[in-house]
Amino acid sequence: MVVDLKGHTVVVAEKPRAAAKIATALNLKKYNMFGLPYWVGMVNSKLVVVVGTAGHLFTLSSDERGYPIFNYKWVPRWVENDEARFLVNYFKLMSKLFKNASEYINACDYDIEGSVIGYMIIRNFGDPKKAKRMKFSSLTLEELRYAYNNLKPIDWNMIDAGLCRHELDWLWGINVSRALSDVFGKVYMRRTILSAGRVQSPTLVEVTNNFLNASTFVPDVKFSLRVKVSINGRNYALENLFDPFEDLDLAKSLAENIRRVKKLEVLESNVTDVYVDPLPPFNLPDLQYEASRIYGYTPYRTLSIAEELYLESLISYPRTNSQKLPRSLNNREIISGIAKIKEYSALAKELLAKDILMPTEGRKDDPAHPAIYPTGYHPLRDLKVDALKIYDLVVRRYLASFSDPAYVRKVKNVITFETYRFSLSGSKVMSNGWLRYYPYMNFITREIPILRAGDVVEVVEVKVVSTYSRPPQGYTKTSMLKWMESVGIGTEATRAEIIENLFRRGYLKTSSKYVEVTDLGFQVVKVLNTFFTDLTNVELTRKFESLLNNIVKGSTTRELVISEVKQLLKNKLDIFKERIWKEGDEEVSKILGINKVKCRICGKSVHTVIDGLQLCEVHLTAYNNIKYRYDAWKQKLRINWDDYLIKLSKIKYLGSYSKEVVNYLISISNEKNSKLRGL
DNA sequence: GCAAGGTC
Ligand SMILES: [Zn+2]
């Protein structure tokens with residue numbers, strides 16, 4: 001060690017990069033130990049050491065087997081997890097730098113996790129009684145200096161709330177995971193590692209419900225017109241501004257009337273010019289959505305690449321929810337850096353010619369980090385193709401935020417026949433603006449003539465068409481992420497990984513474009529719904545949040561919250577164990593719906609025999625939906641059951657399970673008919 | 001071994 005450390009102050013930041021910024025603000029000198037950086041120097045005539053951790057160094061753990069399990073302690077992460085071996089050097093560094101220190105400063109992100117990260121390190125290597133808290137929300141030199149000179153006392157309530165969050169998730173997660181592993185081990189006679197948790201389980205339930213609805217879907221039918229007109233020698237299809245008909249005869253007679261008259265009248269024509277502002281710079285979810293939309297990357301892949309780019313200093317911190325750039329950012333310098341890259345040179349120079357650089361901002365924010373932006377450094381030679389693509393998105397979206405609005409002209413002609421209205425609409429991008437910087441938007445250009453009220457257009461085709469109601473859209477990994485974000489579960493750093501985990505456990509699979517639920521997934525959901533309903537609902541997160549808030553406010557304590565949840569879990573786990581152990585295998589089979597009678601379509605256990613059909617639960621649901629829709633189809637199309645089935649079998653919106661049932665019913669019917677003929 | 005949360 002270069003300096004003899006004694007009676008000094010240790011400042012702990014959440015990550016080495018934040019530590020470096022703090023050190024710069026305090027004018028410290030950089031050193032290395034165990035391959036890791038730390039900084040030393042005099043501040044206000046006191047010796048100060050700044051060090052960065054790598055997030056949590058400690059985690060909850062227990063040696064006890066079985067469940068209910070209510071005893072745990074904090075241990076170094078590398079004790080629990082081999083992949084955390086790299087943290088050993090951080091431990092060695094901390095223990096060296098904390099030795100003989102007289103004061104400690106927690107400079108981790110100012111949120112409850114940051115409070116826990118810093119607290120656990122100070123508790124282990126120093127003394128929390130001699131600790132203070134540094135509060136800042138951006139890493140600008142001014143703000144960091146101010147925060148250092150205006151330290152706050154340790155917020156014990158915030159630390160307790162953070163510790164409580166860890167304990168609650170551990171208690172719920174570990175206990176229910178073990179309960180699941182237990183019951184499935186019994187059923188399948190082999191050890192299986194299953195999991196459940198506050199974030200993953202509501203996500204699994206959401207995907208399962210959606211998958212069931214989509215795959216047992218049976219469409220309704222209505223009737224509509226398809227009208228084509230000719231204007232200046234070109235044909236255009238019109239859009240109907242009226243709802244489809246329930247009654248086929250009404251649609252037919254309207255079609256007949258239009259065919260007879262062969263002309264429609266223009267009611268009005270509207271031209272609107274719309275200015276579309278640039279989209280704001282990326283937060284992580286937006287980057288994940290766009291990388292998925294444009295390149296088909298999974299959220300996990302995008303996050304991994306963004307992390308690489310961040311560690312190579314090419315982009316700023318990626319695990320952020322903010323759509324706002326820091327006010328103090330030197331954008332001119334960054335854009336000048338980007339201008340040295342050939343691909344962006346011309347675009348960047350256009351921006352540099354502006355007097356004022358004013359980026360658009362989004363609504364979303366983050367307590368500790370700004371939106372993602374390029375740093376302007378660029379050793380681009382070695383970037384792999386996928387990293388280059390993500391980098392390109394970040395650069396372009398950043399540049400676009402300083403650019404001008406796009407200008408789009410929208411034309412809408414309203415055309416009438418009696419009281420029925422049709423529209424012929426289109427749009428054209430008149431001025432590209434920011435779309436040149438970010439050329440990934442699909443503004444559909446459709447050029448159409450601008451008509452005048454009173455004009456008459458010639459009809460060239462009128463058709464009556466059947467329209468079918470649509471099933472719910474299936475989930476992808478990306479739309480799962482969107483759902484999690486929209487209901488407020490998980491964080492930027494964890495959502496992608498939690499989604500991958502549901503696949504790794506074998507609950508979900510992707511065989512086509514959309515996510516499918518496996519048999520195991522269905523059964524896990526069934527057990528959770530039966531015994532651990534709380535864990536299937538996003539409301540548990542809301543409840544946690546309110547409890548943690550109360551701890552921060554001081555209106556309840558961690559001890560109280562934990563003892564209540566232990567009691568609640570004990571009751572639930574006792575009931576669970578009683579059912580599956582005392583009442584034997586039959587009871588377990590009953591809960592999972594397992595029996596000896598096989599579904600005639602898929603071979604899984606039969607739920608209830610209805611109409612003499614041996615069908616499992618999902619096929620039965622599909623069958624009931626098919627029966628339910630028949631009344632409407634019969635009335636509207638005046639068709640019998642067999643014809644109904646044949647019509648259904650040809651519709652692409654029919655759910656996959658419904659299709660299997662329809663085909664099965666058709667085959668039964670064919671067998672019957674051929675037998676009749678044989679007689 | 002199971003969670004969810006940090007970050008390399
Ligand atoms: Zn079946």
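Worth saying up front: this structure is predicted, and the values here are computed from it rather than measured. Here is the naming used below: chain letters follow the sequence lines, and residue numbers restart at 1 for every chain.
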With a 6.0 Å cut-off on the ring centroids, do A/Tyr119 and A/Tyr104 count as close? no
Using a 4.0 Å heavy-atom cut-off, does A/Phe544 contact any base of the nucleic acid, only the sugar-phosphate backbone, or nothing at all? nothing
Margin query: Once you apply a heavy-atom cut-off of 4.0 Å, does A/Ile69 come out as touching a base, just sugar-phosphate, or nothing?
Written below: nothing
The residue, A/Arg495 or A/Glu64, whose nearest nucleotide of DNA chain B is more 5′ is A/Glu64
Inset, instruction - Measure the acute angle between the ring planes of A/Phe532 and A/Phe576, then classify it against the limits of 30° and 60° as parallel, tilted or perpendicular. - result: tilted
Of the candidates B/dG5, B/dA3, B/dG1, the side chain of A/Ile498 sits closest to B/dG5
Ranking B/dG5, B/dG1, B/dA3 by distance to the side chain of A/Ser195, first place goes to B/dA3
Closest of B/dA3, B/dG1, B/dG6 to the A/Ile193 side chain is B/dG1
*Is A/Asn175 near enough to B/dC2 that one of its side-chain N or O atoms lies under 4.0 angstrom from OP1 or OP2?*
no
The nucleotide from B/dG1, B/dA4, B/dT7 with an atom nearest the side chain of A/Ala493 is B/dT7
Does this structure show an ion pair linking A/Arg495 with A/Glu485, if we count only N-O contacts that are shorter than 4.0 Å? no
Task: Donor-acceptor pair, side chain of A/Arg198 and main chain of A/Leu535, under 3.5 angstrom - done: no
Query raised in the report: Touch check for A/Arg198, heavy atoms < 4.0 angstrom, all strands: base, sugar-phosphate only, or nothing?
Result: sugar-phosphate
Is there a donor and acceptor pair, one atom on the side chain of A/Thr541 and one on the base of B/dA4, closer than 3.5 Å? no
For this session: Could you please spell out the steps behind the salt bridge (charged side-chain N to carboxylate O under 4.0 Å, His left out) verdict for A/Arg165 and A/Asp169?
Result: CA-CA 6 Å; A/Arg165 203 281 305 152; A/Asp169 275 328; 2.8 Å; yes
Regarding the side chain of A/Arg77, the nearest nucleotide among B/dA4, B/dG6, B/dC2 is B/dG6
Atom CD of A/Glu497 and atom P of B/dA3 are separated, to the nearest Å, by 10 Å
Exercise for the section: Scan A/Ala196 against the nucleic acid and name what it touches under 4.0 Å (heavy atoms): base, sugar-phosphate only, or nothing. Expected result: sugar-phosphate
Against the side chain of A/Ser177, the closest entry in B/dA3, B/dG6, B/dG1 is B/dA3
By nearest-heavy-atom nucleotide on DNA chain B, the more 5' of A/Phe86 and A/Ile174 is A/Ile174
A/Ile112 CD1 to B/dG5 P, in whole Å, measures 10 Å
dist A/Ser322:OG -> A/Asp365:CG (nearest 0.5 Å) comes out at 5.0 Å
Once you measure the plane-to-plane angle for A/Tyr317 and A/Tyr310, does it fall in the parallel (<30°), tilted (30-60°) or perpendicular (>60°) bin? perpendicular
Among B/dC8, B/dG6, B/dC2, the one nearest any side-chain atom of A/Tyr310 is B/dC8
Practice task
Mind telling me whether A/Phe98 and A/Phe125 have parallel, tilted or perpendicular rings, with 30° and 60° as the class edges?
Solution key: tilted
Inset, instruction - Indicate, yes or no, whether a donor-acceptor pair under 3.5 Å links the base of B/dG1 to the side chain of A/Arg65. - result: no
Rounded to whole Å, the CG-C1' distance (A/Leu535 to B/dC2) equals 12 Å
### Under-4.0 Å side-chain N/O to phosphate OP1/OP2 contact, A/Thr491 with B/dG6
yes
Per atom distances to the A/Ser181 side chain, the nearest of B/dG1, B/dA3, B/dT7 is B/dG1
Within-4.5 Å side-chain heavy-atom neighbours: A/Lys96 and A/Phe34
yes
note: A/Ile499, atom CD1; B/dA3, atom C1'; distance rounded to Å ~ 16 Å
At under 4.0 Å between heavy atoms, what does A/Gly490 touch on the DNA or RNA strands: base, sugar-phosphate, or nothing? sugar-phosphate
For the residue pair A/Tyr188 and A/Phe184, does the interplanar ring angle fall in the parallel (under 30°), tilted (30 to 60°) or perpendicular (over 60°) class? parallel
Within residues 12-23 of chain A, those residues having any heavy atom closer than 4.0 Å to DNA chain B are A/Glu14, A/Lys15, A/Pro16
Here the distance between atom P of B/dG6 and atom CG of A/Asn106, to the nearest Å, is 15 Å
Checklist entry - Are A/Thr533 and A/Thr536 close enough that a side-chain donor and a side-chain acceptor fall under 3.5 Å? => result no
The correct set of residues in residues 153-168 of chain A placing a heavy atom under 4.0 Å from DNA chain B is A/Arg165, A/His166
